Protein chains: 2
Amino acid sequence: MEQAVRADARRNRARLVEAARRLFAEVGIEAASMNDVARRAGVGPGTLWRHFPNKEALIAEVVGESLDELAELADELRAAGAPDGVRRWTSALLQHIASYRGLAASLAHASDDLLAGRCVASEQALARLVEHARGTGELRADVTGPDVSRLTTAVAWAAEAAGGPQAAKRLLDLVFSGLTDRAECPP
Amino acid sequence: MEQAVRADARRNRARLVEAARRLFAEVGIEAASMNDVARRAGVGPGTLWRHFPNKEALIAEVVGESLDELAELADELRAAGAPDGVRRWTSALLQHIASYRGLAASLAHASDDLLAGRCVASEQALARLVEHARGTGELRADVTGPDVSRLTTAVAWAAEAAGGPQAAKRLLDLVFSGLTDRAECPP
DNA sequence: ACCTGAACACCGTTCAAGT
DNA sequence: ACCTGAACACCGTTCAAGT
């Protein structure tokens, strides 16, 4: 029997994640310190560090589910053959990043496996969607998954710094018109 | 007579700026702490804070000249009527931001007058250039100065996080093709 | 007028001591 | 097996004391 996880440990872990989620939402990911999270959860700092080896692991736990959903969404859009699949996926990514201030930076600089791994998974799903979209003509033939991912994250970051959600939409529109096939001119 | 600035004060200030410049270049703007800069310059922390009320003011001193040059460049390109003026200006901005790791974030989040003011000056010059470029057809008619500024900074930020200078060029190419007038289709 | 450096509250991180 | 909380080195920032 390996089920040696104690009840108080499970409770503490749940409390920590919930405290992190709230603090991230209130003050942003960057401004929320590990000690703050622990205090908010009512445990000592050591307990937080025992459950999560670093801040990125904590972020991964808080936003991981959403990242998984984005990966699923990419596959769904591809399977459904939506003609504006990539466009819709990038909107979803934009919306997700907007849910916590500082998340764009966290994702872009992810170095811990727990966070970076989940990013990779959703980026692979995006790559498949992009591949498909080049076939349907939604995207120019030379556009890659990383192109789309980087530009969308960049737009989210810029909009967070200035302009807010409206700016995000505006900038994504501009970027996207560059990724789209030019209007074909019949001779 | 108002020239009450002591010789040692002038020397200390120069040393501080030089120390900051080097430290920013070595470890990046974010990782360079104020205490590090003071130590490196061989003065006490208090002396640094006396000369610069906050870190942004120090950054402004280090990169201010380059920002001023970017403003001048915008006006020159406009005066010269270069057909690819905006494109060349954005390349210059990209290159400038690449000179210190973390500079994109510093510029985007500038809140202190000493830094934000210099950003505004160069953005106003860019706005004039963009206005002109819409006339020549380099840019779509609805593209604004802030559009160009935000997207270029965003690209610089993304490339810093992953991909480096080549990625920066690639992403800027993609973005720019979205800002450019569509190839006109004669009926 | 300017510099010094000790001081304060804080942060990330660790670890001996407990149960 | 897990939690606690003191502890360390650090950071941003201030300020009394010096010259």
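Since we're looking at a predicted model, the values are computed, not measured.
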S.K.: D/dG5 P sits how many Å from A/Asn12 CG, rounded?
M.R.: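 For the pair A/Asn12 CG and D/dG5 P, the rounded distance is 12 Å.
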S.K.: For B/Arg140 and A/Ser177, which I'm curious about, is there any donor-acceptor pair between the side chains at under 3.5 Å?
M.R.: yes
S.K.: Within the structure, does a side-chain N or O atom of B/His51 lie under 4.0 Å from either OP1 or OP2 of C/dC3?
M.R.: yes
S.K.: Counting Watson-Crick and G-U wobble pairs only, both distances under 3.5 Å, name the nucleotide matched with C/dA1, or none.
M.R.: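 The base-pairing partner of C/dA1, which may sit in any strand shown, is D/dT19.
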S.K.: Should the pair B/Asp75-B/Arg78 be classified as a salt bridge under the 4.0 Å nitrogen-to-oxygen rule?
M.R.: yes
S.K.: What's the shortest heavy-atom distance between A/Leu77 and A/Gly85, and which atoms?
M.R.: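 Where A/Leu77 meets A/Gly85 most closely, the heavy atoms are CD1-O, 3.4 Å.
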S.K.: Base, backbone or nothing for each nucleotide of nucleotides 12-19 of chain C, written B, S, -, heavy atoms under 4.0 angstrom, 5' to 3'?
M.R.: BBBB----
S.K.: Might you point out which heavy atoms bring A/Leu48 and A/Met34 nearest each other, and give the distance in Å?
M.R.: CD2-O, 3.1 Å
S.K.: Which one is paired to C/dT14, where only Watson-Crick or G-U wobble pairs with both distances under 3.5 angstrom count?
M.R.: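 Paired with D/dA6.
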S.K.: For the pair made of CZ in A/Arg11 and C1' in D/dT4, what is the distance, rounded to whole Å?
M.R.: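 Answer to the nearest Å: 15 Å.
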S.K.: Give the rounded distance in Å between these two atoms: CZ of B/Arg15 and C1' of C/dC2.
M.R.: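 In whole Å, C/dC2 C1' and B/Arg15 CZ are 14 Å from each other.
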S.K.: Check this one for me: any side-chain N or O of B/Arg13 less than 4.0 Å away from OP1 or OP2 of C/dA1?
M.R.: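 So the side-chain polar atoms of B/Arg13 never come under 4.0 Å of the phosphate oxygens OP1 or OP2 of C/dA1.
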S.K.: Mind calculating the distance between CG (B/Leu23) and C1' (D/dC11) to the nearest angstrom?
M.R.: 14 Å
S.K.: Please determine if B/Arg22 and B/Glu18 form a salt bridge, counting it only when a charged side-chain N lies under 4.0 Å from a carboxylate O.
M.R.: yes
S.K.: Rounded to whole angstroms, how far apart are CZ on B/Arg50 and P on C/dG5?
M.R.: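 Answer to the nearest Å: 15 Å.
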S.K.: Tell me whether B/Glu61 is salt-bridged to B/Arg21, with the criterion being a basic N under 4.0 Å from an acidic carboxylate O.
M.R.: no
